[in-house]
Every structure is written in C-alpha cells, then in structure tokens.
Amino acid sequence: MIARICAALWLLILASGAQAHLLPKQNATMNIVDDAAFFVVSVPVSALKNVDDDGDGKLTAQEIQKHNQSIKQQFANRFTVSNGGQAGTSVLSWVMAPDGSDAQMEADYVVILHRANFPETPENPVLTTDLFGTGPDEQQMTVKATLDGVSEVAVLRPVVTAHEFFRGGWAIFLDYIRIGGDHILTGADHLLFLLTIIIAGAGWRYWVSVVTSFTIAHSITLTVSTQDIFRISPDIVEPAIAASIVLMALLNLSYWHKNDATIGWTRIGVIFACGLIHGFGFGSAIGAMTSDTGNLVATLAGFNIGIELGQFFFLGAVLLLVGVFHRFGNMRIADRVPKFASATAIILGFILLIQRIVLI
C-alpha cells in the first residue's frame with residue numbers, strides 16, 4: 001500500500017510542471033520504499049551521445065522529445081542499481097527539462113525520473129554510473145539515498161563510479177576521508193592558498209603553526225555551515241577565497257625582509273581569518289552530504305581528516321621539491337623561488353577572482 005501511494009505521488013510529479021528546477025545540476029536522489037527504488041537524476045548533456053543536434057551543449061524541449069528514447073536507453077545502460085549482486089528491474093523512466101515544463105527553453109542537463117524494482121527491500125544498494133559530463137563542473141555526481149528515514153550521501157566521480165549505501169558509520173568515515181582528500185588535492189584555489197602560506201617561511205615551527213591556524217579556522221566554519229548555524233552564499237565565498245590568495249601573496253612580498261615577531265603573529269591571524277572563509281567553501285562542497293543523515297559525526301570527521309591528510313601530503317611534496325632544489329640547484333635562484341611563487345599566486349588568484357565575480 002505504501003509503495004502504491006509513493007508511486008502515485010511520484011507519477012503526480014511527472015505529470016505536473018514544476019515552476020522551480022526539479023533537481024540541481026550534478027545531483028541525484030534515491031528513495032527506497034519497500035521493494036522499489038525511486039530516482040531523480042540530473043544528467044549533463046555532454047554525457048549523452050547524439051542528442052545535441054546543434055552542438056551548443058544544451059537541449060531544447062524539442063530536442064528532448066526527439067531523442068527521448070535514446071536518452072532513456074543511454075541512461076539504462078550507464079546508470080544501474082543492484083542489491084546483493086542482483087540488478088534492479090527497470091519499471092519506468094521519464095526524461096524532463098530541469099524546470100519540469102515543456103516550455104521553449106535550453107538547459108545543459110536533463111532530469112530523469114526512474115523506478116527500479118527488487119525481489120525484496122534493497123538494504124545495501126550499489127549504485128554505478130559513468131554519466132559524467134566533459135565540463136570542469138560536470139566531473140562528479142552527488143547522490144542522496146534514503147531508506148527508512150535514514151539518509152546517506154555519496155559523491156561519484158570518473159575515478160569512483162560506484163558506491164554501496166548503508167554499510168554503517170565506519171565505512172562512511174573511510175569514504176569521507178577519501179572525499180576530503182580528493183577535495184583539497186583537486187581544488188586549485190585551496191592548493192594555491194596553501195602554497196602562499198608554506199613558502200612564506202621556513203622551519204617546522206612555522207609550518208606547523210600556520211597549517212594548524214588554517215585547520216582550526218576552517219574546521220569551525222565547516223561545522224557551523226553544515227549544521228545550518230550560519231551560512232554564507234557561495235557567490236560571496238568563492239570570490240573571497242580567490243581574494244585570500246591575492247592577499248596572502250601580497251603580504252608575502254610586503255614582509256619579505258622583515259623578521260619582527262609581531263609580523264609572524266599578524267600573518268597567523270590573517271591565515272586564521274582566511275581559513276574561516278575557506279571553511280565556508282568546504283561547507284558548500286558537502287552541504288547536502290550532511291543534511292538528514294544518520295552518520296553526521298562520521299561524515300564531518302572523515303571529511304575533515306581527509307582535508308588535513310591532503311594538506312600535509314601537499315606540504316610534504318612542496319618541501320621535498322624545495323629541498324631538492326636547494327640541494328642540487330643554484331642557491332641564488334633557489335632563494336628567489338618563494339618571491340616568484342608569490343608573484344605568480346597574485347596573478348592566478350586575481351584571474352580566479354575576476355572569473356568568479358563575472359560568473360555571479
């Protein structure tokens with residue numbers, strides 16, 4: 001009875017034109033009710049073959065209608081869910097524009113509503129997909145699964161195309177260590193900021209103090225933002241992160257020949273303030289992952305630890321390269337590398353800042 005009611009509501013959504021977008025880009029939901037799994041999935045146009053007639057990277061309502069069967073077939077071949085090694089039986093798929101209407105519009109992704117049936121309730125469903133686009137913002141899919149009021153969120157990427165849900169807190173903790181490490185090591189803005197604070201001084205005492213300051217700061221704002229205690233819009237946070245790179249690099253060049261201890265504490269204070277901003281960025285990255293989940297502690301702890309491991313891996317790599325350069329390179333050139341790195345960071349950070357302001 002519950003399954004029939006859920007299916008009826010789901011079909012009602014299909015039949016109605018929603019005014020707001022049915023699902024944000026690069027997201028998917030899976031709701032398990034009895035022996036059925038109900039999906040809403042956003043699929044980038046660039047992930048689909050032979051459906052974009054004019055090659056503009058977007059689909060009109062007419063193109064969606066024309067290639068409806070092809071889109072369904074590609075989805076069926078590349079988006080699967082199984083339980084205990086047995087694939088679910090596809091019952092129904094429906095392709096829609098992101099706003100759920102048949103209006104004259106263009107969008108760079110489509111929304112697919114799908115239902116799969118199982119012989120029994122899929123308690124540990126495994127989702128597998130390679131429906132990733134070619135754009136830089138289309139290289140991951142955030143999937144939120146719900147079963148018996150418990151939610152879990154997974155992030156799939158071209159290098160991690162499958163996830164088994166509801167395995168328990170320890171498995172989630174390990175997953176989010178990987179997600180946190182991936183986030184920091186693939187985030188050019190965060191790495192560029194880390195570079196500006198690493199090359200500004202020498203010695204383990206300095207490196208530990210600045211990384212600790214950054215870590216404490218971003219942990220605070222990551223926690224408060226994911227708990228909805230306080231949030232800042234990404235439209236503000238993302239340009240601010242780029243600005244923090246420029247600011248830190250400028251401070252490096254301004255204080256290069258000064259060794260006053262008060263300047264050191266000033267630098268740590270600035271790094272702490274910048275870390276607060278970066279924490280809101282981390283919070284935006286995993287915002288949906290921590291909502292309505294029964295494993296909040298495992299999610300936050302794993303993600304934070306993953307970020308720290310990624311930071312220390314990057315720190316070690318940079319120090320190794322600097323050490324090799326000092327050992328085998330020209331000392332005069334080696335001494336100029338930090339200045340050159342700071343100057344380069346100013347240029348790259350400023351480019352990022354302009355790009356993010358324009359995209360707002």
Side-chain angles (χ1 to χ4, degrees), residues 6-7 10-18 21-33 35-83 85-102 105-118 122 125-135 137-146 153-165:
C6 184
W10 187 69
L11 291 172
L12 180 62
I13 293 174
L14 289 175
S16 64
H21 280 195
L22 291 173
L23 192 70
K25 185 178 180 181
Q26 298 305 114
N27 281 264
T29 64
M30 174 172 65
N31 290 293
I32 298 173
V33 180
D35 60 353
F38 297 87
F39 295 89
V40 183
V41 186
S42 66
V43 179
V45 171
S46 62
L48 302 169
K49 297 179 180 179
N50 303 319
V51 298
D52 184 12
D53 293 333
D54 54 11
D56 65 349
K58 298 181 179 181
L59 293 185
T60 63
Q62 288 73 23
E63 286 175 314
I64 292 175
Q65 183 176 9
K66 177 182 177 181
H67 299 289
N68 194 277
Q69 286 302 122
S70 176
I71 295 173
K72 289 181 182 179
Q73 188 60 52
Q74 292 184 58
F75 179 81
N77 293 339
R78 301 170 60 189
F79 188 97
T80 61
V81 59
S82 61
N83 184 60
Q86 182 174 0
T89 302
S90 178
V91 176
L92 180 66
S93 292
W94 194 295
V95 184
M96 307 181 72
D99 64 358
S101 73
D102 294 324
M105 52 78 66
E106 289 186 327
D108 58 358
Y109 71 100
V110 294
V111 174
I112 299 178
L113 290 86
H114 177 69
R115 174 181 173 178
N117 282 358
F118 294 86
V126 178
L127 180 62
T128 304
T129 185
D130 65 351
L131 285 170
F132 306 105
T134 58
D137 61 340
E138 298 174 341
Q139 294 297 296
Q140 72 175 38
M141 179 185 292
T142 301
V143 185
K144 182 177 180 179
T146 303
V153 179
V155 177
L156 301 180
R157 301 166 61 90
V159 294
V160 184
T161 60
H163 181 83
E164 181 179 357
F165 289 91

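This is a predicted model, so every value here is computed, not measured.
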What residues form a side-chain hydrogen bond (donor to acceptor under 3.5 Å, both in side chains) with [X], not counting sequence neighbours?
X: Glu164; result: none
X: Thr146; result: Ser151
X: Ser90; result: none
X: Asn77; result: Gln73

Q) Which residue pairs pass the ring pair (Phe, Tyr, Trp, His ring centres under 6.0 Å) test when at least one of the two sits in residues 54-77, sequence neighbours left out? A) Phe75-Phe79, Phe75-His114
Q: Measure from the side-chain N and O atoms of Thr161 to the backbone N and O of Thr128, and report whether any donor-acceptor pair falls under 3.5 Å.
A: no
Please identify each residue that fulfils side chain to side chain contact (heavy atoms under 4.5 Å, CB included) with [X], with sequence neighbours left out.
X: Ala37; result: Met30, Ile32, Phe39, Phe118
X: Val91; result: Arg115, Asn117
X: Ser46; result: Pro44, Thr134, Glu138

Q. Shortest non-hydrogen contact from Gly57 to Val45?
A. O-CB, 3.7 Å
Q. Which heavy-atom pair separates Val51 from Ser70 by the least distance, and what is that distance?
A. CG1-OG, 4.1 Å
(Q) Return the CG to OG1 distance between Leu156 and Thr142, rounded to the nearest 0.5 Å. (A) 8.5 Å
Q: Could you grab the distance from atom CG of Asp35 to atom CG of Asn83, nearest 0.5 Å is fine?
A: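 So the gap between those two atoms works out to 11.0 Å.
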**Q.** Inter- and intrachain pairs under salt bridge (Lys or Arg N to Asp or Glu O under 4.0 Å), touching residues 69-80, at least two apart
**A.** Arg78-Asp130
Q | Pairs flagged by salt bridge (Lys or Arg N to Asp or Glu O under 4.0 Å) wherever residues 37-64 is involved - sequence neighbours left out | A |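 Qualifying pairs: Asp53-Lys66.
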Q) Heavy atoms, side chains only, cut-off 4.5 Å: are Leu59 and Ile71 in contact? A)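 Counting from C-beta outward, Leu59 and Ile71 do come under 4.5 Å.
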